[in-house]
Structure formats: structure tokens, C-alpha cells
Amino acid sequence: MKKLQEDIKTGNWERMYLLFGEEEYLKKQYRNRLVEALLPGQKEMNYSYYEGKDISVGAVIDTAETLPFFADSRLIVIENSGWFKKGESRLTDYLQELPDTTRILFVEREVDKRGRLYKAVTKLGYSAEMKRQEEGTLLRWVESRVRQDGKTISKDAAYRLLERSGSNMESLEKEIEKLICYRLDGAEITKADVEAITTWNMEEKVFSMIEAVASKNRRKALDYYYELLALKEPPMKILSLLNSQFRRLLETIALKQRGLDKGQIAKELGVHPYAVSKYIQQGSRYKKEEIRRILEEGADLEERVKTGRIADRMSVELFVVKYSSP
């Protein structure tokens, strides 16, 4: 992303750009900044936008061949085309002949880095992967984002915000906006404000539920369960997430025993490093054999619900009570 910031600052543009990855907030931010910098005040005349799986390659090429109107260049934005997963040979070949007067900005969620299109864009332009950000980066961003509205946030409050809302920057942005409106007459956002106004991410609530189970705090674990039910979350979805989280605890224990660090474990599991810290902490409270028994119990309960031998709500309740009892 430093390269993108430098290009925006200097105006030394590549012929094409690719923004990809799972962090939607960053992709949107850099897409908008690039469009504004590439076409200052000229968006109406020399800007074309294509989105979705049914984009016509021929239409894109025709647009690319059209000379800009009273400007040095035109910009084509192509978003969520899926071309970087399935391949698009005609466009790949055409990019070699792209006129100097046209620039293309691709925005995609997933890419195949082995594909010809990805390799062509990387060779002829620049690609930037927008990954989920690490905890330290997110904490600094939250503090910076709050300062933009003339307020401050304590470190405890910023950390609690991540705990409750997760690491998705779009979700965090919405929660920050709520906090700023809630604190219109105050200068600092506190941990109490975060507790009072922000929304629990479901996976984070399930994580806290497991924490309560591991701590043998039955009442707290059941409280989390009833809160999820009050939010209209289906019991089987909750049980599925519980099983998924326990499975990740087991995988984390195994990877840690192999000597992998947090970053390597996060890559192996496909999760945020911020979550790995929690998996390690929670996993330390269990033996591998115990987690295996829990997973077997969870699978058995799912089977009993599907075959009508037990009610779905009661099944999760029994699961929580059994493993959170002292």
C-alpha cells in the first residue's frame, strides 16, 4: 500500500492497478482515492465503471480504445468480475496493447496468482493485496479515525472495541460512527461507552461463550447463549460455530506444538493473527483429548437434532451446561 500512497502523492501512474483481498474497507478507500487522483474534476467525461460477473470483455476493450475527452487519459474501473479466478484470455492478450491514454483499475476479492491475467497485470502495472490488518495496526487506525472527528479514545476502549466487533474495518467504521454520535458532548470515548453502544460480532460472542465454558462459568456461558437466541440466531448455527471454534483450538494446539509462531499459525488457519492469540490462550486450558471429546459430542448432538431425537435449543443448552460445570 506504500506504493499506492506514493503514486497518489507523486502522480507517477502505472498503466493498470489491481486491488484484491478480503479487507473490503481498504479496497474501497484506495479505489476512491485512485479515482479521485487519476481524474481530478474529470470523472463525468473520462470514467467508465463495470461491475459483476457478466461484464462484456468487448465493451471494455472498445472503451479502452476510445480517446479521452479533453484530457491526457481515461480510467476504466472493473469490480468483482471474477476474471482473476476463472481466467479471461482475450483481455489478458489485449492488455499488452493497452493504449497509453487508458488506465485500468481492477478491484477483486479473490485472485489466482498462478493465472495469466494476474501475472499480466502484475508485470504491466501494480497489484496490492488488502489483507485483514494486525491488531496493532487496527488499534492505531481506530485512534486515528476517532481523532478525525475531534475526539480521543482510551487504549482500553479501543482494545475492547476490537474484542466486541472483530477485525473487519467496515464493521469497525460503523461502530466508531455510533460511538462518535453517542459521545457528541464528550471529548473521550471510554470503555464504558464501547460496552454501552457497540454491537457484538457473533463470532466474538461465541468466542466469549467458549471462554466462559473454559472458565467453568456456567451462568455466564448460558447468558451469552440466551443473548444470541434473543438476537434470533438459530441454535444449530450457534452449535456449528462452537464446534468450529473448538476445532480451531485443536488445530492451534497442534500447530504450536510443531513450533509455528502466531503469524504462521494465522496463515495455516486462514484467520487473523489477532484471533490466534485468543486461540492460544483458550487452548492452553484444554488437553487435545478433551477437545476431541467435545467435538465428538458436538457432532453427536447435531445428528440427534437432525433425526428429531432432541430439540435444537435444548441440545446447545445441554452442551454448554455439561462443559461449563465445575
Can you tell whether the side chains of [X] and [Y] come within less than 4.0 Å, N to carboxylate O?
X      : Y      : result
Glu188 : Lys151 : no
Asp93  : Arg116 : yes
Arg285 : Glu290 : no
Lys191 : Asp156 : no
Lys27  : Glu108 : no
Arg164 : Glu175 : no

Can you see which heavy atom on [X] is nearest to which on [Y], and at what distance?
X      : Y      : result
Ile310 : Ser315 : CD1-CA, 4.0 Å
Ser165 : Leu172 : CB-CD2, 4.0 Å
Ile55  : Ser81  : CD1-CB, 3.9 Å
Glu23  : Lys131 : CB-O, 3.5 Å
Leu95  : Arg15  : O-NH2, 3.6 Å

Between [X] and [Y]: side-chain donor-acceptor atoms closer than 3.5 Å:
X      : Y     : answer
Arg103 : Ser73 : yes
Tyr30  : Gln5  : yes
Tyr94  : Glu65 : yes

Throw together a table of side-chain donor-acceptor distances under 3.5 angstrom for residues 228-237, partners on residues two or more places apart or in other chains.
none

Hey, is [atom1] on [X] packed in by over 12 heavy atoms from elsewhere, all under 6.0 Å?
X      : atom1 : result
Lys86  : NZ    : yes
Arg313 : CZ    : no
Asp54  : CG    : no

Residue set satisfying side chain to side chain contact (heavy atoms under 4.5 Å, CB included) with Gln281, at least two apart, ordered chain then number -> none
Identify, with sequence neighbours excluded, every residue that meets side chain to side chain contact (heavy atoms under 4.5 Å, CB included) alongside Leu241. Met202, Glu203, Val206
Partners passing side-chain hydrogen bond (donor to acceptor under 3.5 Å, both in side chains) against [X] (at least two apart in sequence or in another chain):
X      : result
Asp62  : none
Asn243 : Glu302
Arg145 : Asp149, Glu173

Could you list all the ring pair (Phe, Tyr, Trp, His ring centres under 6.0 Å) pairs where at least one residue sits in residues 227-249, not counting sequence neighbours? Phe246-Tyr286
If you look only at pairs with a residue in residues 130-154, which of them pass as a ring pair (Phe, Tyr, Trp, His ring centres under 6.0 Å), with sequence neighbours excluded? Tyr25-Trp141
Roughly how far, to the nearest 0.5 Å, is the CD atom of Glu79 from the NZ atom of Lys28? 8.0 Å
Quick one: pull up CG in Leu18 and CG in Leu105 and give me the separation to the nearest 0.5 Å. 8.5 Å
Under the rule for ring-ring contact (aromatic ring centres under 6.0 Å, His included), what residues qualify as partners of [X], not counting sequence neighbours?
X     : result
Tyr50 : none
Phe84 : Phe106
Tyr17 : none

Sequence neighbours excluded and cut-off under 3.5 Å, please list the side-chain donor-acceptor pairs for residues 117-128, or say none.
residue : atom : partner : partner atom : Å
Thr122  : OG1  : Tyr118  : O            : 2.8
Thr122  : OG1  : Ser127  : OG           : 3.4

Counting only N and O atoms by type, is there a donor-acceptor contact under 3.5 Å from the side chain of Thr307 to the main-chain atoms of Arg304? yes
